[in-house]
Protein chains: 2
Amino acid sequence: MENLIYSLVKKGAHEKFVRTNTVELASECGMSQQTASRKLIELENNKLIERKIDRHGQSVRLTQKALEGLRDVYRNLRPVFETAAKKITIEGKVFSGLGEGGYYVGMPGYKKQFIQKLGFDPYPGTLNVKLETERDIEAKAQIESLPAVRIEGFSDAKRTYGGANCYNATVNGVDAAVLVIERTHHPADVVEVISSHFLRKRLRLNDGSTVRILLKNE
Amino acid sequence: MENLIYSLVKKGAHEKFVRTNTVELASECGMSQQTASRKLIELENNKLIERKIDRHGQSVRLTQKALEGLRDVYRNLRPVFETAAKKITIEGKVFSGLGEGGYYVGMPGYKKQFIQKLGFDPYPGTLNVKLETERDIEAKAQIESLPAVRIEGFSDAKRTYGGANCYNATVNGVDAAVLVIERTHHPADVVEVISSHFLRKRLRLNDGSTVRILLKNE
DNA sequence: ATTACTATGTTTCGAGTAA
DNA sequence: TTTACTCGAAACATAGTAA
């Protein structure tokens with residue numbers, strides 16, 4: 001099954017429609033023609049491929065959904081084989097969130113942990129950075145391969161507050177930490193940063209200012 | 001199945017024994033405890049993992065064989081997501097092969113194709129380069145994602161001669177081509193280079209000399 | 001040539017449970 | 001608690017074909 005997708009990747013189906021047929025795919029994947037046919041149908045039903053079928057074969061292309069799945073695999077494998085501890089740099093533009101980040105960061109349940117584990121008392125607000133290039137989004141995904149500072153969730157009488165992972169970094173040279181909140185399915189192109197400083201003031205940032213986040217490797 | 005290996009990778013089983021149990025792995029992979037147990041046995045029988053089992057769980061580590069399989073996947077996926085056309089550089093040390101490379105390169109059936117497709121008449125010999133670092137071996141594997149100059153195989157009365165792929169490059173600045181012979185399961189840490197020049201003389205190389213191969217991107 | 005349906009055979013799964 | 005066996009059920013693969 002997955003096998004079939006890898007065969008399609010080898011043919012370049014991640015960037016264009018590629019011409020093939022069920023007999024060819026079957027032999028490449030070590031399965032029968034009938035199975036290849038059925039699996040192509042399944043992949044199509046699961047919106048993992050698009051097809052144009054005619055009586056001489058078919059053209060197949062991977063969907064964005066399939067690429068996302070492959071990207072997950074890639075992200076898991078990269079830290080295994082890219083041993084060198086490279087410096088991760090992320091560039092993006094400052095934008096205004098809803099201001100709710102500051103509320104959470106200031107809560108005693110979190111604040112105590114920040115002071116203890118990150119070694120600084122965070123300014124009660126987060127700097128929202130929007131990533132503009134695929135390269136930066138990739139770099140953000142790589143962050144998770146770094147050693148994290150774990151912030152535990154907790155509960156009060158009203159509700160439960162989720163955990164988070166922090167990664168020491170600098171923003172335009174100023175000490176800070178990237179905050180990756182657990183469970184909330186955050187957009188992939190946004191990074192939240194906390195710091196002991198009010199970064200907008202300290203770095204004279206406005207909405208649209210470009211900042212460079214440099215992750216600390218150990 | 002594969003799923004289980006990815007779970008183990010996430011736990012770091014590619015670099016050390018990691019402690020886990022069948023219930024935990026099952027829930028991570030969306031399968032029953034029984035299936036996880038059975039699959040671990042299969043993985044062990046297939047020499048993809050090593051285990052130390054006790055009554056409180058088990059320690060699991062991936063074998064080299066499993067890592068090789070994952071590396072294949074990684075190599076397939078990298079060109080998909082590493083879009084930027086990076087320059088591939090390989091460094092290694094010159095060594096003497098058996099001299100058979102020269103015999104083949106000089107055969108009319110190949111020579112004609114080199115002249116036509118690579119645009120030069122190759123010196124009848126190959127420069128063997130031994131790669132010394134993991135980084136260089138990785139870089140060599142990446143070559144295959146570049147556009148290849150295809151050299152077809154052929155037959156004469158006696159036998160069949162296999163095909164090859166060539167990749168335009170420079171060796172210490174001199175035009176050349178990396179030769180990847182088909183089918184022969186070449187060692188991963190050796191690169192063969194052909195050129196119109198006798199590179200050993202032209203570049204004053206001896207066994208053990210370090211050379212830098214720069215692949216041409218288009 | 002193709003793709004892909006049906007029917008049948010094979011493999012895989014997981015509940016129950018032993019050790 | 002574990003791991004992992006047995007066995008009936010569910011999922012999957014392929015031969016034979018139709019279109």
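Just so we're clear, the structure is a prediction, and the values are computed from it rather than from any experiment. Computed from heavy atoms alone, side chains included, the values below leave out hydrogens, waters and symmetry copies. Proteins come first, then strands; the chains are lettered A, B, ... in the order of their sequence lines, and each starts at number 1.
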Exercise. Does a side-chain N-to-carboxylate-O contact under 4.0 Å join Asp189(B) and Lys140(B)?
Worked result: no
For this session: Flag the pair Asp136(B) and Lys130(B) as a salt bridge only when some basic side-chain nitrogen lies within less than 4.0 angstrom of an acidic carboxylate oxygen.
Result: no
Exercise. With respect to the phosphate group of dT14(D), does any side-chain polar atom (N or O) of Thr35(A) fall under 4.0 Å of OP1 or OP2?
Worked result: yes
Seminar exercise, completed: Separation of dC13(C) atom C1' from Leu4(B) atom CG, nearest Å, is 14 Å
For this session: Using whole Å, report how far CG of Asn3(A) lies from P of dC12(D).
Result: 16 Å
For this session: Check the pair Asn168(A), Leu215(A) against side-chain contact (heavy atoms from CB on, under 4.5 Å), reporting the backbone distance first and the verdict last.
Result: CA-CA 6 Å; Asn168(A) 283 304; Leu215(A) 275 294; over 6 Å; no
Exercise. Under 3.5 Å, is there a donor-acceptor pair between the side chain of Lys117(A) and the main chain of Arg150(A)?
Worked result: yes
Problem set entry | Separation of dA13(D) P from Met31(A) CE (nearest whole Å) | 7 Å
Exercise. How many Å lie between CG on Leu43(A) and C1' on dC12(D), as a whole number?
Worked result: 15 Å
List every contact pair, protein side and nucleotides 4-7 of chain D side both N or O, where the distance is under 3.5 Å.
from, atom 1, to, atom 2, distance (Å)
dA4(D), OP2, Arg51(B), NH1, 3.2
dA4(D), OP2, Arg51(B), NH2, 3.3
dA4(D), N7, Gln33(B), NE2, 2.7
dA4(D), N6, Gln33(B), OE1, 2.8

Exercise. Salt bridge between Glu152(A) and Lys112(A), side-chain N to carboxylate O under 4.0 Å?
Worked result: no
For this session: Sort by first number and list every stem of DNA chain D: at least 3 consecutive Watson-Crick or G-U wobble pairs, both distances under 3.5 Å.
Result: C:2-19 with D:2-19
Exercise. How about Tyr74(A) and Tyr74(B): are their ring centroids closer than 6.0 Å?
Worked result: yes
Exercise. When the distance from CD of Glu42(A) to P of dC12(D) is rounded to whole Å, what number comes out?
Worked result: 7 Å
For this session: Specify the closest pair of heavy atoms between Glu24(B) and Asn21(B), including all atoms of both residues, with the distance to one decimal.
Result: N-OD1, 2.8 Å
Exercise. What is the distance from CG of Leu25(A) to C1' of dT3(C), rounded to the nearest Å?
Worked result: 12 Å
Problem set entry | Asp54(B)/Arg19(B) ion pair, N-O < 4.0 Å | yes
Problem set entry | Under-4.0 Å salt bridge between Lys11(A) and Glu28(A) | yes
Problem set entry | Side-chain N,O (Lys39(A)) to OP1/OP2 (dA13(D)) below 4.0 Å | yes
